[in-house]
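Structure first, commentary second.
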Amino acid sequence: MKAQLADNNKVLVQLTISICKQLVESGGNGMIRHMATILPALIGTFTDAKPALFNLAEEALDAWHSKIGFVPFLDGEILFTSLQIQNPNLRATSIPPKSSGGGRKKDFMEDDGPPIILKVGKAQRIKDEKALKVLKWNFTIPRDEFLDQLKEQMMPCFSPSMHAKFFHKDFKFLIEALSILISCVTEYSEAVIKSLDIILK
């Protein structure tokens with residue numbers, strides 16, 4: 001299935017995306033064991049500029065997100081794949097429906113400062129995990145307490161709107177946050193490095 005998602009035949013790709021959506025809708029949370037194989041390839045289909053394919057992939061990702069939750073999307077390979085996507089449509093289409101047009105109210109307040117904040121807390125976070133003061137980031141199926149802990153750890157490292165985007169129920173906002181994070185790699189490289197352990201989580 002991974003190979004079919006990267007095939008040059010777009011009809012085959014569309015069919016495979018539809019199957020990926022149907023699989024998670026039928027399999028529910030149990031599909032989490034297949035996420036490492038399917039999700040990076042599924043996210044990779046966003047590089048195609050055709051709106052029909054893009055929309056189909058977006059619907060499939062929303063289905064996966066709703067069934068397996070938010071935390072699995074922060075898996076290292078899945079996050080890395082998302083950060084590599086250079087399709088401008090990914091940024092352009094994921095933001096307007098929620099934040100502009102039609103007189104709709106914006107979901108987030110604009111930040112005065114940078115999206116990522118330089119905090120020297122990585123060493124302490126690792127120390128706390130080794131001392132079992134916090135939950136060790138090692139699980140088969142993530143529980144709510146892991147997500148709550150990650151929210152708390154990320155709070156001082158990101159602006160309020162970035163933090164809200166990372167944990168929004170609508171997967172489009174996570175994609176938007178990842179897009180912003182790409183720009184931070186150059187402009188705020190030191191802050192990204194200092195927070196890399198929680199970004200990869």
Side-chain angles (χ1 to χ4, degrees), residues 1-99 107 135-151 154 163-179 181 198-201:
M1 189 170 289
K2 184 177 180 179
Q4 280 79 14
L5 286 169
D7 199 276
N8 289 328
N9 184 334
K10 299 308 176 187
V11 175
L12 178 60
V13 174
Q14 289 183 13
L15 178 61
T16 308
I17 291 174
S18 296
I19 292 171
C20 288
K21 182 183 177 186
Q22 292 168 14
L23 281 173
V24 77
E25 287 174 343
S26 301
N29 190 261
M31 290 297 293
I32 198 168
R33 62 181 177 271
H34 300 295
M35 68 175 192
T37 302
I38 295 176
L39 287 184
L42 186 56
I43 292 172
T45 63
F46 278 104
T47 56
D48 194 289
K50 294 180 179 63
L53 190 59
F54 180 92
N55 293 335
L56 195 62
E58 190 175 52
E59 289 176 8
L61 274 181
D62 282 342
W64 275 81
H65 179 235
S66 68
K67 294 295 183 181
I68 70 173
F70 170 80
V71 174
F73 280 87
L74 297 181
D75 171 85
E77 184 182 354
I78 295 169
L79 180 65
F80 179 78
T81 303
S82 300
L83 290 174
Q84 298 307 303
I85 295 173
Q86 298 299 320
N87 182 358
N89 289 336
L90 184 61
R91 301 181 182 91
T93 64
S94 64
I95 302 171
K98 296 291 178 178
S99 61
D107 283 76
L135 293 170
K136 189 172 180 64
W137 197 260
N138 185 15
F139 50 78
T140 303
I141 298 176
R143 303 188 304 272
D144 288 343
E145 50 262 44
F146 285 100
L147 182 57
D148 291 339
Q149 177 177 289
L150 185 61
K151 285 181 180 179
M154 290 180 73
H163 188 272
K165 287 182 178 74
F166 271 122
F167 296 99
H168 199 282
K169 290 180 180 179
D170 191 333
F171 183 70
K172 296 181 185 72
F173 285 107
L174 175 58
I175 297 295
E176 182 183 343
L178 292 174
S179 177
L181 195 58
I198 55 173
I199 290 172
L200 291 177
K201 283 180 180 179

Asp148: salt bridge (Lys or Arg N to Asp or Glu O under 4.0 Å) partners, not counting sequence neighbours
none
Is Leu150 close to Phe166 at the side-chain level, that is, under 4.5 Å between some pair of heavy atoms?
no
Which one of His34, His65, Met35, Met31 satisfies the side-chain contact (heavy atoms from CB on, under 4.5 Å) criterion with Val24?
Met31
Listed once per pair and sorted, the salt bridge (Lys or Arg N to Asp or Glu O under 4.0 Å) pairs that draw on residues 31-42, sequence neighbours left out:
none
Ile19: which residues meet the side-chain contact (heavy atoms from CB on, under 4.5 Å) condition with it, sequence neighbours left out?
Met1, Leu15, Leu23
Between Trp64 and Cys20 (side chain of the first, backbone of the second, donor and acceptor by atom type, cut-off under 3.5 Å), is there such a pair?
yes
Nearest 0.5 angstrom please: Leu181 CG to Lys165 NZ, how far?
12.5 Å
In Leu56, Thr45, Leu42, the residue satisfying side-chain contact (heavy atoms from CB on, under 4.5 Å) with Leu61 is Leu42
Write down the atom of Ile68, the atom of Gly28, and the distance for their closest heavy-atom approach.
CG2-O, 4.1 Å
Hey, could you give me the CG/CD distance between Leu5 and Gln14, rounded to the nearest 0.5 Å?
12.0 Å
Output all residues satisfying salt bridge (Lys or Arg N to Asp or Glu O under 4.0 Å) with Glu59, sequence neighbours left out; order by chain, then residue number.
Lys21
When you measure from the side chain of His168 to the backbone of Leu174, do you find a donor-acceptor pair of N or O atoms at a distance under 3.5 Å?
no
Audit row: Leu53, Lys10, side chain to side chain contact (heavy atoms under 4.5 Å, CB included) steps and yes/no:
CA-CA 8 Å; Leu53 190 59; Lys10 299 308 176 187; 4.2 Å; yes
Kindly write out the residues that satisfy side-chain contact (heavy atoms from CB on, under 4.5 Å) with Asn9, not counting sequence neighbours, or none if the list is empty.
Asp7, Val11, Leu12
Does Gln149 reach the main-chain N or O of Leu135 with its side chain, forming a donor-acceptor pair under 3.5 Å?
yes
Separation of Ile43 CD1 from Ile38 CD1 (nearest 0.5 Å):
12.0 Å
